Amino acid sequence: MKISWKRKFLQQILHNNINKIAASHWEHRMSEEKGEKIPMLANKETDEVMQPQTNGGGQQRSADVPKKMEEEEEEDADVQDKKPSGLTDLEKLGRNMYFKSEPRRIDYILAWSTEGKPEKLAHSKEARAVFEENLEKEGLKLERDEKEGAEIHYLKVHAPYEVLTRYAEILKVRMPVKKSMDLDKIQQKYAKLETILIKMEGGGFKRQVVTPMKAVSTRLWDTMTDITKKLFTPFQLDPNVVKPIKRRFNVAYSRDKEYLFDIPEDKDTYFDNATRNRIVNFILRRKPFSREKEKAYSFGINKMIADGHYTDAYPLHEGHWKPGSADNERKLLFDHWANWRNCFKIQPLDHVRGYFGEKIAIYFAWLGFYMLMLIPASIIGLLVFIYGCAISGNSYPANEVCDESKNFTMCPLCDYQCPYWKLSAACSHARASRIFDNNATVFFAIFMSFWGTLFLEFWKRKQAALQFKWDLTDFVTEEQPPRPEFLAKLEHITTYKEHPITGIKEPHLPFWRRRFPIYLMSWTAMLFLAFLAIVAVVGVIAYRISTLAALQVLTRDTPVTNSTFIASTAELVYQNASLVTTVTAACINLLIIVILNFIYNRLAFWLTDMECLRTQKEYDDSITLKLFSLQFVNYYSSIIYIAFVKGRMVGRPGKYATLFGGRQEECEAGGCLIELCIQLAIIMTGKQLIVNNIVEILIPKIIKWIKRRIWPETQEQKMSKSPWEKDYKLQPAETTSLFYEYLEMVLQFGFLTLFVAAFPLGPLFALINNILEIRFDAVKFTTELRRPMAERIPDIGVWYSVLYGISRIAVISNAFIIALTSDFIPRLVYTMAYSPDGSLEGYVDHTLAVFNTSDFEEAKRPVFEGSEIVETCRYRDFRNPPDSDDPYEYSQMYWHVLAARFAFVVVFENVIVVITGLIAWLIPDVPAKLKLHIRREAYMSNEIIIKTELMRAQGEQVGEADIERIIQDENQRYRSNELGSMELVHRRSASPPNDKEKDNIV
């Protein structure tokens, strides 16, 4: 939309005379209803008044800014409106968040469609009428927005102060008390107690400040905390831009004790927007929309949306996030949280909590803490990787493999078709394997076992601090109503049962006759779906075997040619046949995982819907269990196969173990650990860094771009839309939005802890992914989704139990990877029992058994030119030579290595479990200072309420001075002893200094 110099001039006038214009605007609206017309500086196509354009920092732009720049910044940004003059805060221009008729803030929007069958529309209209009537009886104020010809109509909902206070008391909402009772002041009062009186020789007293004696562990912890805070100072947001939100001393709201609370003159501003939205949502979920008594379960906005009476219900975003919009909380979060220039800054969690609620804030707090804990793990993993690179060139085993003079002729990798090959051809694989298979890997596995425990224990402490700061310490989950889908499915059920909590008669399904068959069918389908993932792994195994054999045959049958390119390509394929096979198989496996994920998501929700679970929590727990189980099998089955199964039951040349007529897979010359590393790298990084980001970022942008091309809008059309119309076009914030985010991170945690011994770079890749993930999720919540209802939850829920279970399994998993998959134990046994000088020289020769080629079966003997001159070949195993008394039987070293492997597993597992358990026991879930803080606050609030209530009962007026005196009186009940500890004193029996002694106090 073109902006002329006249409009700029008017905008400047509007900015300089905001109070006058606000009053004029309100006068204009009221006169419109009376049929009068008063000139107004407004956009003719909308109810919203033009605002002065600002840059990102909230400063007004000069009038000589080019028009093109203004148009770009204005595109899609809300034309802001100011609050009516009847409201007190006129310092900012903001989004139109108020009724058209009265100065009432819009707390919720209900939307419904005007299209459909006439009978359905009439029924929905009747249901909405009953519902809205009940809302008005509850005290809510409603205003309709029904534009003629519009497909979607809207209902604006406002909760007056009386309704908010009534439900705040019912829901036990904790609200800030008067500043005289604030926590900081109480803290200062207690700080004075560190001063004690000491009697002087000759009479009199003197004051002495005593510092409490702290334990060594406490002092050490405080020192570490201070150092950590200093290290993270550069990563803090500018406190002058993003104002820190200080915690106030909060008490459960009570209308009888309003004298305690810091209620402003404009009472409508006392409750923040998140609290207002939560209270309105609480009311919306409980009001009936049918007058029929037999349909007592026909209540709640969720049921109405499920029945199609409304299309959606959502609170409004408080402004726009784009440049040029007026300053608001949403824009602040986008500029200083979701913006990429702040990707290395600490998150403003208090602001996130204030805007989106505790449920979303706790997710981002957990994700940020997880990312922080990945930093030391990433550094150690990177050092282990660098160490592996440094020693890979000087390793005895790798040098022996690469030494062509050793002339190790290896047995064919497949029957009949494959040729003999030289071990030196696997030189690069052996050196690469040594990077990950070394002594430092064992140290890293132990470190990550401790890291997993420390992460969970420190998170509990962080969570306890957040619970106290956000008033979730005494959080009690409210009784959830039945899910609308549950009631809809059982609408025709004739069996009813009274709910023991609510007393409402609800449809009832007998367990053995109705529920048990559904559960049986559901979990049978789950087993079948898990079996599909295993079948996919078997298919990838078949691909690897056949591809490896085909590459060997292709190289052998390559015709002699003068082309250098063909010859070099054939040689390259021959030397890297195993690597090519491993990489392509891992990519195919990743593709299968993505496809199965899509199938699993659809079927898991369908199976859970079939179970007819009553509450949303039961539904969420069931879908969590199903999806995590299926994803666990889908992601980890191929990795578990390579780590623990591949190469274990191969047999030997001449007597290979077969499955479905074919030989089983063998580990390559460098061992299975390098294959496991490649598989982990491709699946973990490919799924998280590539696939997830494509699904979450790229696809939504493509869809948005297509929609804009198909249904283009002019600038005038965009400017004429109201804020609720714009928010309606955003994606709905569904209850499963955070579920997939948690699932993604928990699976990543499984990769890091279960198989970290094979991939020390995993934490570094996870750290990079999570830095991106936080910003992607922040952008999604601030720009792409409707504002979610501010839900309150005290923790991360069932995901903590899942993380704890994974961390326990990881100890066993890493023990078996080191013992079975890596060569750490065979190398250790060789140096301690078989090496003449205690080194690894001769290790490769000792681990390669000898096979006489004359013992091949005729049908499986290699047939190609030159194969008849090979008398013996070597293969990886600990077996006796063909000329021994027990040819091809397991050698003595095999049993030594096997015993050492199982001994290592037992020792590693028990030692790590005991130490991690001890660490968990030593680290308290709640910091000692926080415990004292909580008890002190609870005590002070109870004492103040008791004494003020007593004064009111005696007919006295209670003011701030009286409350201050009560606090001072309570502080005198404590004193500090000579060691600085605080102890309770009975005032009446104490012996304070007399008047003469008081005069002598110095």
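Treat the numbers as computed from the prediction; the structure is a model and nothing was measured.
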Margin query: Quick one: does any side-chain atom of Arg461 pair with a main-chain N or O of Pro924 as donor and acceptor, under 3.5 Å?
Written below: yes
Notebook entry, point to check: For Lys780 and Glu741, what are the C-alpha separation, side-chain angles and deciding distance, and is it a salt bridge (Lys or Arg N to Asp or Glu O under 4.0 Å)?
Noted result: CA-CA 12 Å; Lys780 180 173 69 174; Glu741 307 299 340; 2.5 Å; yes
Item checked: Stepwise side-chain contact (heavy atoms from CB on, under 4.5 Å) test for Leu367 and Met371 -> CA-CA 6 Å; Leu367 184 55; Met371 186 185 72; 5.8 Å; no
Item checked: Close side-chain approach of Thr831 to Ser839, heavy-atom, < 4.5 Å -> no
Next item on the list: Would you please test Asn597 and Tyr635 for side-chain contact (heavy atoms from CB on, under 4.5 Å) and show each step?
Entry: CA-CA 9 Å; Asn597 273 352; Tyr635 276 100; 3.0 Å; yes
Check: Taking Arg901 for the side chain and Pro826 for the main chain, is one N or O donor matched with an acceptor at less than 3.5 Å?
Finding: no
Checklist line | Derivation and outcome, side-chain contact (heavy atoms from CB on, under 4.5 Å), residues Leu761 and Cys677 | finding: CA-CA 10 Å; Leu761 289 178; Cys677 177; over 6 Å; no
Note to self: Using 30° and 60° as the class boundaries, would you call the ring planes of Trp321 and Phe334 parallel, tilted or perpendicular?
What the structure shows: tilted
Item checked: Side chains of Ile817 and Val756 in contact at under 4.5 Å (non-hydrogen atoms) -> no
Check: Can you tell if the side chain of Leu532 reaches within under 4.5 Å of the side chain of Tyr600, non-hydrogen atoms only?
Finding: yes
Check: Does any non-hydrogen side-chain atom of Pro788 lie less than 4.5 Å from one of Tyr355?
Finding: no
Note to self: If we ignore hydrogens and angles and just use 3.5 Å, is the side chain of Lys469 paired with the main-chain N or O of Ala464 as donor and acceptor?
What the structure shows: no
Next item on the list: For the residue pair Asn814 and Phe755, establish whether any side-chain heavy-atom pair is separated by less than 4.5 Å.
Entry: no
Next item on the list: Please check if atom NZ in Lys460 has more than 12 non-hydrogen atoms from other residues, nucleotides or ligands closer than 6.0 Å.
Entry: yes
Notebook entry, point to check: Looking at Asp403, Asn399, Val401, which hits side chain to side chain contact (heavy atoms under 4.5 Å, CB included) with Val844?
Noted result: Val401
Check: Under the 3.5 angstrom rule, does the side chain of Ser433 hit a backbone N or O of His429 as a donor-acceptor pair?
Finding: no
Next item on the list: Give the minimum heavy-atom separation between Leu630 and Ala530, together with the two atoms involved.
Entry: CD2-N, 4.1 Å
Next item on the list: Using atom types as modelled and distance alone, determine if a side-chain donor or acceptor of Ser378 lies under 3.5 Å from a backbone N or O of Pro763.
Entry: yes
Item checked: Side-chain touch Asn769/Phe765, heavy atoms, less than 4.5 angstrom -> no
Checklist line | Point-to-point distance, once rounded to the nearest 0.5 Å, from CD of Gln679 to CD1 of Ile642 | finding: 4.0 Å
Next item on the list: Quick one: closest heavy-atom pair of Leu472 and Glu358, and the distance?
Entry: CD1-CG, 3.8 Å
Margin query: Checking side-chain polar atoms at under 3.5 Å, does Ser392 have a donor or acceptor matched by the opposite partner on Arg431?
Written below: no
Note to self: As an exercise, state the distance from CG of Leu456 to CD of Gln463, rounded to the nearest 0.5 Å.
What the structure shows: 11.0 Å
Margin query: Measuring from atom CD1 of Ile391 to atom CG of Asn438, what distance do you get when rounded to the nearest 0.5 angstrom?
Written below: 4.0 Å
Notebook entry, point to check: Do the ring planes of Tyr742 and Tyr363 sit parallel (below 30°), tilted (30 to 60°) or perpendicular (above 60°)?
Noted result: perpendicular
Notebook entry, point to check: More than 12 foreign heavy atoms under 6.0 Å from NZ of Lys462: is that the case here?
Noted result: no
Margin query: Is the positively charged end of Arg353 above the ring of Phe356, judged by distance under 6.0 angstrom from the centroid and angle within 45° of the axis?
Written below: no
Item checked: CA sep, side-chain torsions, deciding dist, call: Phe344, Phe235, ring pair (Phe, Tyr, Trp, His ring centres under 6.0 Å) -> CA-CA 6 Å; Phe344 295 110; Phe235 304 100; 7.5 Å; no
Check: Where does the angle between the aromatic ring planes of Tyr370 and Trp451 fall among parallel (under 30°), tilted (30 to 60°) and perpendicular (over 60°)?
Finding: tilted
Check: What are the two closest non-hydrogen atoms of Ile362 and Ile793, and how far apart are they?
Finding: CD1-O, 3.2 Å
Note to self: Rounded to the nearest 0.5 Å, what separates atom CD1 in Ile806 from atom CG in Leu803?
What the structure shows: 6.0 Å
Check: More than 12 non-hydrogen atoms from neighbouring residues, nucleotides or ligands closer than 6.0 Å to CH2 on Trp921, yes or no?
Finding: no
Next item on the list: Give, for atom OG1 of Thr916 and atom CD of Glu457, the distance between the pair rounded to the nearest 0.5 Å.
Entry: 9.5 Å
Check: Asp437 and Arg434: which non-hydrogen atoms are nearest, and at how many Å?
Finding: O-NH1, 3.0 Å
Check: So Trp337 and Phe364, would you call those rings parallel, tilted or perpendicular, with 30° and 60° as cut-offs?
Finding: perpendicular
Next item on the list: Measure from the side-chain N and O atoms of Arg775 to the backbone N and O of Trp340, and report whether any donor-acceptor pair falls under 3.5 Å.
Entry: no
Check: Does the ring pair (Phe, Tyr, Trp, His ring centres under 6.0 Å) test come out yes or no for Tyr804 and Trp799, once each step is laid out?
Finding: CA-CA 9 Å; Tyr804 180 80; Trp799 294 111; over 10 Å; no
Check: Salt bridge check: are Arg876 and Asp823 linked by an N-O gap of less than 4.0 Å?
Finding: yes
Margin query: Against Ile375, only a single residue in Leu764, Leu767, Ile380 fulfils side chain to side chain contact (heavy atoms under 4.5 Å, CB included); can you say which?
Written below: Leu767
Margin query: I'd like to know if the side chain of Thr753 reaches the main chain of Phe749, judged simply by a donor and an acceptor atom lying under 3.5 Å from each other, with no hydrogens or angles considered.
Written below: yes
Check: Looking at Tyr843 and Pro397, what are the two nearest heavy atoms and their distance?
Finding: CD2-CG, 3.9 Å
Next item on the list: For residues Phe781 and Leu333, determine if any side-chain heavy atom of one lies less than 4.5 Å from a side-chain heavy atom of the other.
Entry: no
Next item on the list: Could you tell me whether the side chain of Thr441 and the main chain of Phe436 form a donor-acceptor pair under 3.5 Å?
Entry: yes
Next item on the list: Using the six-membered ring wherever Trp is involved, compare the ring planes of Phe816 and Phe644 and label them parallel, tilted or perpendicular (cut-offs 30° and 60°).
Entry: perpendicular
Item checked: Under 3.5 Å donor-acceptor, Asn634 side chain and Leu596 backbone -> no
Item checked: Flag if over 12 foreign heavy atoms under 6.0 Å of CZ, Phe902 -> no
Item checked: Interatomic distance, Ile818 atom CD1 to Leu828 atom CG [nearest 0.5 angstrom] -> 12.0 Å
Check: Regarding Gln467 and Asp795, is there a side-chain donor-to-acceptor distance under 3.5 Å anywhere?
Finding: no
Check: So which heavy atom on Ala766 is nearest to which on Met684, and how close?
Finding: CB-CE, 3.8 Å
Check: Where do Phe759 and Phe751 land on the ring pair (Phe, Tyr, Trp, His ring centres under 6.0 Å) test, with the steps shown first?
Finding: CA-CA 9 Å; Phe759 192 38; Phe751 280 119; 9.5 Å; no
Next item on the list: Determine, stepwise, if the pair Gln748 / Asn770 fulfils side chain to side chain donor-acceptor pair (under 3.5 Å).
Entry: CA-CA 10 Å; Gln748 182 195 91; Asn770 292 356; 3.0 Å; yes
Notebook entry, point to check: Just checking, is any N or O donor in the side chain of Ser822 or Arg827 under 3.5 Å from an acceptor N or O on the other one?
Noted result: no
Notebook entry, point to check: Is the shortest heavy-atom distance from the side chain of Leu743 to the side chain of Leu747 under 4.5 Å?
Noted result: yes
